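Just below is one structure, and these are the notes that go with it.
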Amino acid sequence: MNIAKVIVDVPARQTDRAFDYLIPEDYYGLVQPGVRVIVPFGPRSLQGFVVGVESSSNVEKLKAITQLLDIEPILNEELLQLGKWVTEQTLSYQISSFQAMLPAALKAKYEKEVELIKPEQLSFMPVTLQKLFQQSLTVSWGNIENEPGLMKSIQKEIGNGNVEVNYVVKARGKKKTHKVLFFNSTNEEARTLLDTMSSQAARQKEVIEFFLDKQIKEVPRITLKNELSTTDSPIKALIEKGILTEKDKEIYRDPHANREFKRTQPLPLTEEQSNAIIPILHSIEHNQHQTYLLYGVTGSGKTEVYLQSIEEVLKKGQQAIVLVPEISLTPQMVERFKGRFGSSVAVLHSGLSIGEKYDEWRKIYRKEVNVVVGARSAVFAPFENLGIIIIDEEHESSYKQEENPRYHARDVAIYRGSFHQCPVVLGSATPTLETFARAKKGLYELLPLSKRMHDKGMPAVDIVDMREELREGNRSMFSSLLFEKLQDRLEKKEQTVLFLNRRGYSTFIMCRDCGFVVTCPECDISLTYHRSQQLVKCHYCGYEEPVVKQCPSCQSDHIRFFGTGTQKVEEEIGKLLPEARIIRMDVDTTSRKGSHEKLLTAFGEGKADILLGTQMIAKGLDFPRVTLVGVLTADTMLHLPDFRSSEKTFQLLTQVSGRAGRHELPGEVVIQTYTPEHYSVELASQHNYQDFYLREMGIRKLHQYPPFFYVTLITVSHPEITKVVAVTEKISTYLRSNLSSQTIVLGPAASPIPRIKNRYRYQCMIKYKDEPQLRSYLKDLMDHYQKEMQQELQITIDMNPYMIM
DNA sequence: AGCACGCCGACT
DNA sequence: GTCGGCGTGCTC
């Protein structure tokens, strides 16, 4: 058993398999599946994952593992197996799946450096080299690659055998440590010590007394110095005498260090909640895998059901994973879990730094916590005795990873739930059609919560037809109804949330004389005007340029800004209601770390009357003084070329409406739209999921979309349009001729965004009911285009797309 | 992904 | 003749 099977850190088709390496004698028994190693690969050094250990290999000339990075496997058997499954399901590379399961800190960083191996030859080398190696024998490649002269001399010395190129693997995540002092004596020893010590050593005595007083055996050096306001010298003396020892001890960066969480007790459950929790508790008790759909409106008390289920799991000595959408990982949510379970909760979300995430992850890995609350990737938390997995707001699109591996957290959760024989609870007021259909079919168990807590009814919703407003001469972005209510709230000192799904100032800029539209030179997308910076930006590639005052095509100055973004609304409110205090939340105001939280806290403290924002304000917020919610244009999403657009609109509107009146004050909702008759708008205003579900299912069935059919989307991109069309054409022909006659292959068709960053994009959509061979055909396709994909051609395959772009 | 190897054009 | 362009194929 001295051969290791290693998956190396090269995400490419040709290297997506295990390579064999010799295990050096020193590492016998230590190299086991799931550990990370450093191995030579061609001329380089790479990080890799050991996936197997065997006693023989078919390869003649084996190289040996250079370094072992983990003493304990970083991926246990279950996770290795899960990684393989994810790879197969999503058609990605094994290495990508492994990396997706671990915190970024564990991903290697590579550096190329040159080393002077014969220092005695230095004096014969050019002065430039002598200077270069003056400080150290190794110099990073970055220092020389941009200096052609230096490069030449280095190359010559490499030829002479005096200098060598090394590829070093650098760890990214550093464990943060601090110095801790350990007290080695018993109390009695210490007392006799105190007597025998010289009276000169007053400071040292103080230190010993400190340990005796506090009855502790260890203390961080910093703490000791602060408490006794002493210096290093007495400590050093004690260390030399052997009374104290000093060690580096790992500490965790605690993102919630300065926050107190008030401990909460389980709340009495309503009858509905009790009915919902009974089957879950039953599954927990009997180690049964079952997927539940906790179907409850906003404010119906889903969280309490989660909390009490987890409590049961913890009582059994098992662990729990709670997934929440990235955006709702607000302090409010974290607070509820930390409040109930205290320090046994780890929190994982994108707001943490790489180091902080690593720390939280290690708490899980070392079983120091039993509960993890986190976004999508937390589904891979390395717990070994899972008792429950909860996915809150199951319908949220952020559970789908939009890069390789393109996995859906819900699928992973159910897979792990089956492995651990534990329940998976999906919670939502507006479940995805797929999930609700499965619940209806009995594949999942439906647990309804129909009533809002504290007998609060759903807020009243008014739909305003903006075409009507226009006919009556109201050209502003506020209907008279919404404006009236807005004024009313300002007078009553109550708060309003305004929702608009577009950032920036205006959505497109057109010349009224010749019809010229300002578009991105690299993407076929109109540019958005950002007024505060006087720039136009592309929301897809980030391109920006100064705003034009004259039409670039006909020089006319009849330039007009069409469409409305958050910036424009902010400005407009400023004009109409100058006394209103507004907080604007969109990508532009929340890109800095922590700003998201800061803005919400400010709003919660009543520092503003109006919260204006995009998508990101729709979820999870719960502010008692919000009594009015306005949706400025409900149909922005409705007309996207995506079979889920109605569903997404319905979910969003329902979600937003749920923000109003969650507490004592009754809430009102105003939805402005140009298509008031559309069923997603109408049914959302009535909070009527059931009818929406039936209506939408009819449409899905008619057009052969999920949940009736599976969908796979292939996107081809290349700088030349002819190439893109040709390849997409070939792919669809190939699939058509190989797949069953019930399967529908659509395309080639231009993608909804036909060009991004100078690359043309075409798509081919496969709709199928049963196609067991599909994955292998797609693999063959990828193999066939492998060479071209190493150059300009890009083919992405999404086995269950959530965005058709 | 890198990198070496290898085969064709413009130059000391 | 050689230096260097990037197409091709390999990495245990």
Side-chain angles (χ1 to χ4, degrees), chain A residues 1-28 31-69 80 87 91-100 104 106-115 140-142 144-146 148-149 151-156 158-159 161 163-170 172 403-405 717-720 723 727 782-796:
Chain A
M1 301 298 268
N2 61 339
I3 308 289
K5 299 261 173 202
V6 178
I7 304 286
V8 293
D9 186 7
V10 181
R13 188 114 238 130
Q14 289 150 294
T15 49
D16 187 34
R17 63 192 172 90
F19 286 82
D20 294 358
Y21 285 90
L22 279 171
I23 303 173
E25 262 176 63
D26 299 0
Y27 294 152
Y28 279 3
V31 172
Q32 41 186 324
V35 297
R36 292 170 308 147
V37 288
I38 292 173
V39 291
F41 195 71
R44 299 179 285 169
S45 258
L46 294 177
Q47 196 184 87
F49 289 85
V50 174
V51 290
V53 177
E54 287 171 9
S55 50
S56 67
S57 166
N58 297 326
V59 184
E60 300 276 318
K61 39 179 179 75
L62 286 178
K63 288 185 183 175
I65 289 172
T66 10
Q67 208 187 321
L68 176 66
L69 293 176
L80 280 173
T87 304
L91 295 175
S92 69
Y93 306 126
Q94 292 181 64
I95 190 71
S96 315
S97 299
F98 289 152
Q99 277 164 357
L106 292 179
K107 207 177 146 187
K109 226 169 67 186
Y110 298 97
E111 210 173 286
K112 191 175 171 182
E113 51 183 44
V114 285
E115 183 184 1
S140 120
W141 189 258
I144 54 168
E145 68 179 342
N146 295 323
M151 195 78 154
K152 278 245 159 68
S153 329
I154 291 275
Q155 247 147 21
K156 202 173 146 226
I158 293 173
V163 169
E164 222 174 56
V165 177
N166 291 332
Y167 300 85
V168 283
V169 185
K170 299 237 155 118
R172 211 177 282 220
E403 58 196 56
N404 275 327
S717 79
H718 192 279
E720 284 159 45
K723 182 75 189 165
V727 171
M782 295 288 251
D783 284 340
H784 181 256
Y785 286 106
Q786 196 208 105
K787 267 180 222 149
E788 288 174 80
M789 284 172 70
Q790 277 167 34
Q791 278 122 251
E792 287 283 26
L793 186 68
Q794 224 178 60
I795 302 176
T796 48

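Order of the sequence lines fixes the chain letters, A, B, ..., with proteins taken first and strands second; residue numbering starts at 1 for each chain. In this text, all values refer to a predicted model and were calculated from it rather than measured experimentally.
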Inset, instruction - Let me know the distance between CD1 of Ile95(A) and P of dT11(C), rounded to the nearest Å. - result: 18 Å
Inset, instruction - Report the residues that fulfil side-chain contact (heavy atoms from CB on, under 4.5 Å) with Asp20(A), sequence neighbours left out, ordered by chain and then residue number. - result: Ile3(A), Lys5(A), Ser57(A), Val59(A), Leu62(A)
Inset, instruction - Return the set of residues passing side-chain hydrogen bond (donor to acceptor under 3.5 Å, both in side chains) with Glu115(A) (not counting sequence neighbours), or none when no residue passes. - result: Asn166(A)
Inset, instruction - Could I get the full list of ring pair (Phe, Tyr, Trp, His ring centres under 6.0 Å) partners for Phe41(A), not counting sequence neighbours? - result: Phe19(A)
Legend entry - Rounded distance in Å - CE (Met789(A)) to C1' (dT8(C)): 17 Å
Legend entry - With sequence neighbours excluded, residues passing side-chain contact (heavy atoms from CB on, under 4.5 Å) with Lys63(A): Tyr21(A), Pro40(A)
Legend entry - Pairs involving residues 36-45 of chain A, ordered by first then second residue, that meet side-chain hydrogen bond (donor to acceptor under 3.5 Å, both in side chains) (sequence neighbours left out): Arg36(A)-Asp70(A)
Inset, instruction - For Thr66(A) and Ile38(A), indicate whether the former's side chain and the latter's backbone hold a donor-acceptor pair under 3.5 Å. - result: yes
Inset, instruction - Please report, rounded to the nearest Å, how far the P atom of dC12(C) is from the CG atom of Asp9(A). - result: 15 Å
Legend entry - Length of the CG-C1' vector between Leu46(A) and dT11(C), whole Å: 9 Å
Inset, instruction - Give me the residues of residues 12-21 of chain A where at least one heavy atom lies under 4.0 Å from an atom of DNA chain B, by number, or none. - result: Ala12(A), Gln14(A)
Legend entry - Nucleotide range of DNA chain B lying under 4.0 Å from chain A heavy atoms: dA1(B) to dC3(B)
Inset, instruction - Return the residues of residues 51-61 of chain A meeting this criterion: a heavy atom under 4.0 Å from some atom of DNA chain C. Order them by number, or give none. - result: Val59(A), Lys61(A)
Inset, instruction - Using the test salt bridge (charged side-chain N to carboxylate O under 4.0 Å, His left out), find all partners of Arg13(A) that sit at least two apart in sequence or belong to another chain. - result: Asp783(A)
Legend entry - All side-chain hydrogen bond (donor to acceptor under 3.5 Å, both in side chains) counterparts of Gln99(A), not counting sequence neighbours: Asp9(A)
Legend entry - Any residue meeting ring pair (Phe, Tyr, Trp, His ring centres under 6.0 Å) with Phe49(A), in chain and number order, not counting sequence neighbours: Phe98(A)
Legend entry - side-chain hydrogen bond (donor to acceptor under 3.5 Å, both in side chains) involving Asp16(A) - partner list, sequence neighbours excluded: none
